[in-house]
Student: 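Once you've had a glance at the structure underneath, I'll fire off some questions.
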There are 2 protein chains.
Amino acid sequence: MKTWNRNNPIAQFIRKRRKDLNLTQFELSDTTGVGLRFVRELEQGKPNLMTDKINQVLLFFGHELTPNPISDATRRNLGEQ
Amino acid sequence: MKTWNRNNPIAQFIRKRRKDLNLTQFELSDTTGVGLRFVRELEQGKPNLMTDKINQVLLFFGHELTPNPISDATRRNLGEQ
DNA sequence: ATTATTTATACCCTAATAGGTATAATTTCA
DNA sequence: TGAAATTATACCTATTAGGGTATAAATAAT
């Protein structure tokens with residue numbers, strides 16, 4: 001079972017943006033329409049999530065999931081499987 | 001039911017990169033370890049997919065899913081729900 | 001220190017993804 | 001042309017994500 005990774009790009013992005021707006025996890029889940037539990041799994045870096053749920057949250061920040069060159073944080077995490 | 005969108009950033013990326021390397025869908029599924037049917041759903045823009053499966057394919061191209069500002073193609077598609 | 005708020009973990013249930021396979025449509029190439 | 005290869009669609013099943021909720025831990029505020 002792949003390990004969770006709080007430092008993956010998606011988790012980091014959501015946590016930062018949410019805090020920038022001084023929102024609680026509950027408020028974010030409420031305004032975006034996803035479950036509170038999902039916001040938590042998202043921010044804590046659960047390995048396997050559904051893209052449209054993530055995009056449902058990202059849309060609130062004017063963002064969406066797209067392919068990008070692998071980040072250092074991810075590269076580091078790849079070794080630890 | 002959300003409509004499929006062949007022009008979403010992920011589908012476009014995979015199709016282009018695969019063709020650049022002159023690989024068939026079967027070869028891509030075989031080398032990345034995901035199902036052939038998944039590669040097809042991916043390239044044809046199925047709305048809801050699992051992130052780790054997508055990343056399993058993107059890794060082959062040195063990429064991963066990250067949040068990015070919404071593209072025009074996506075913005076156009078948003079209106080059509 | 002105490003309380004209130006926020007975040008994290010655990011459990012059950014339903015719905016939907018991904019896989020496999022078979023078949024049809026489309027494209028490629030001799 | 002016609003055959004082979006590639007891509008697309010359809011059906012069935014097992015696995016698992018996501019929702020809800022309850023509880024525990026951690027953080028913030030007074």
Student: Under the side chain to side chain contact (heavy atoms under 4.5 Å, CB included) rule, collect the residues that match up with A:L36, sequence neighbours excluded.
Tutor: A:Q25, A:F26, A:S29, A:R40
Student: Mind checking what makes salt bridge (charged side-chain N to carboxylate O under 4.0 Å, His left out) contact with B:K46, not counting sequence neighbours?
Tutor: B:E41
Student: Between CG of B:L65 and CG of B:N55, what distance do you get to the nearest 0.5 Å?
Tutor: 4.5 Å
Student: Got a sec? Which of residues 7-26 of chain B come in under 4.0 Å of DNA chain D, heavy atoms?
Tutor: B:R18, B:T24, B:Q25
Student: Quick one: list whatever passes salt bridge (charged side-chain N to carboxylate O under 4.0 Å, His left out) with B:D72, sequence neighbours left out.
Tutor: none
Student: Taking the side chain as every heavy atom from C-beta outward, state whether A:I54 and A:L58 have any pair of such atoms under 4.5 Å apart.
Tutor: yes
Student: Near DNA chain D, counting only heavy atoms under 4.0 Å, which residues of residues 51-68 of chain A show up?
Tutor: A:K53
Student: Under 4.0 Å from a heavy atom of chain B: give me the 5'-most and 3'-most nucleotides of DNA chain D that qualify.
Tutor: D:dT6 to D:dA17
Student: Once you round it to whole Å, what is the distance between C1' of C:dA15 and CE of A:M50?
Tutor: 10 Å
Student: What closest approach, in Å, do A:P47 and A:T3 show between heavy atoms, and which atom pair accounts for it?
Tutor: CG-O, 3.7 Å
Student: Is there a donor-acceptor pair closer than 3.5 Å between any side-chain N or O of A:N48 and the backbone N or O of B:D52?
Tutor: yes
Student: Assess the residue pair B:L49 and B:I10 against the criterion (side-chain contact (heavy atoms from CB on, under 4.5 Å)); give the C-alpha distance rounded to whole Å, side-chain angles, the decisive distance to 0.1 Å, and a yes or no.
Tutor: CA-CA 11 Å; B:L49 299 169; B:I10 300 172; 5.9 Å; no
Student: Passes side-chain contact (heavy atoms from CB on, under 4.5 Å), A:L59 versus A:E64? Steps please.
Tutor: CA-CA 6 Å; A:L59 184 60; A:E64 69 182 328; over 6 Å; no
Student: Kindly calculate the angle separating the two end axes of the helix from C:dA1-D:dT30 to C:dA30-D:dT1, each obtained from five base pairs, and round it to 10 degrees.
Tutor: 60°
Student: Contacts to DNA chain D from residues 40-47 of chain B, heavy-atom cutoff under 4.0 Å, which residues?
Tutor: B:R40, B:Q44
Student: For A:T66, enumerate each residue passing the side chain to side chain donor-acceptor pair (under 3.5 Å) test, keeping only those at least two apart in sequence or located in another chain.
Tutor: A:N68, B:N68
Student: The test is side-chain contact (heavy atoms from CB on, under 4.5 Å); show your working for B:I14 and B:L28 and say whether it passes.
Tutor: CA-CA 10 Å; B:I14 300 287; B:L28 184 58; 4.0 Å; yes
Student: Among all residues two or more places apart in sequence or in another chain, which pass the side chain to side chain contact (heavy atoms under 4.5 Å, CB included) test with B:P69?
Tutor: A:H63
Student: Backbone N or O of B:R6 within a donor-acceptor pair of the B:R15 side chain at under 3.5 Å?
Tutor: yes
Student: Could you go through nucleotides 24-30 of chain C and list every protein N or O atom that sits under 3.5 Å from one of its N or O atoms, giving the distance for each pair?
Tutor:
none

Student: Taking C-beta and beyond as the side chain, do A:F38 and A:T32 meet within less than 4.5 Å on heavy atoms?
Tutor: no
Student: Do A:L21 and A:F60 have side chains that approach each other closer than 4.5 Å (heavy atoms only, starting at C-beta)?
Tutor: yes
Student: Quick check: do A:K16 and A:D20 have side-chain heavy atoms less than 4.5 Å from each other?
Tutor: yes
Student: If you take all heavy atoms of B:A11 and B:N5, which pair is closest and at what distance?
Tutor: CB-O, 4.3 Å
Student: Could you say whether A:R37 or B:E27 is positioned toward the 5' end of DNA chain D, judged by the nucleotide with the nearest heavy atom to each?
Tutor: B:E27
Student: Could you identify which residues of residues 29-36 of chain B place a heavy atom less than 4.0 Å from some atom of DNA chain D, listed by residue number, or say none?
Tutor: none
Student: Just how far is it from atom CD of B:Q44 to atom CG of B:N8, taken to the nearest 0.5 Å?
Tutor: 11.5 Å
Student: Is there a side-chain contact (heavy atoms from CB on, under 4.5 Å) between A:F61 and B:I70? Walk through the geometry before answering.
Tutor: CA-CA 9 Å; A:F61 300 113; B:I70 294 179; over 6 Å; no
Student: In terms of side-chain geometry, is the basic nitrogen of B:E43 or B:R18 positioned less than 4.0 Å from the acidic oxygen of its partner?
Tutor: yes
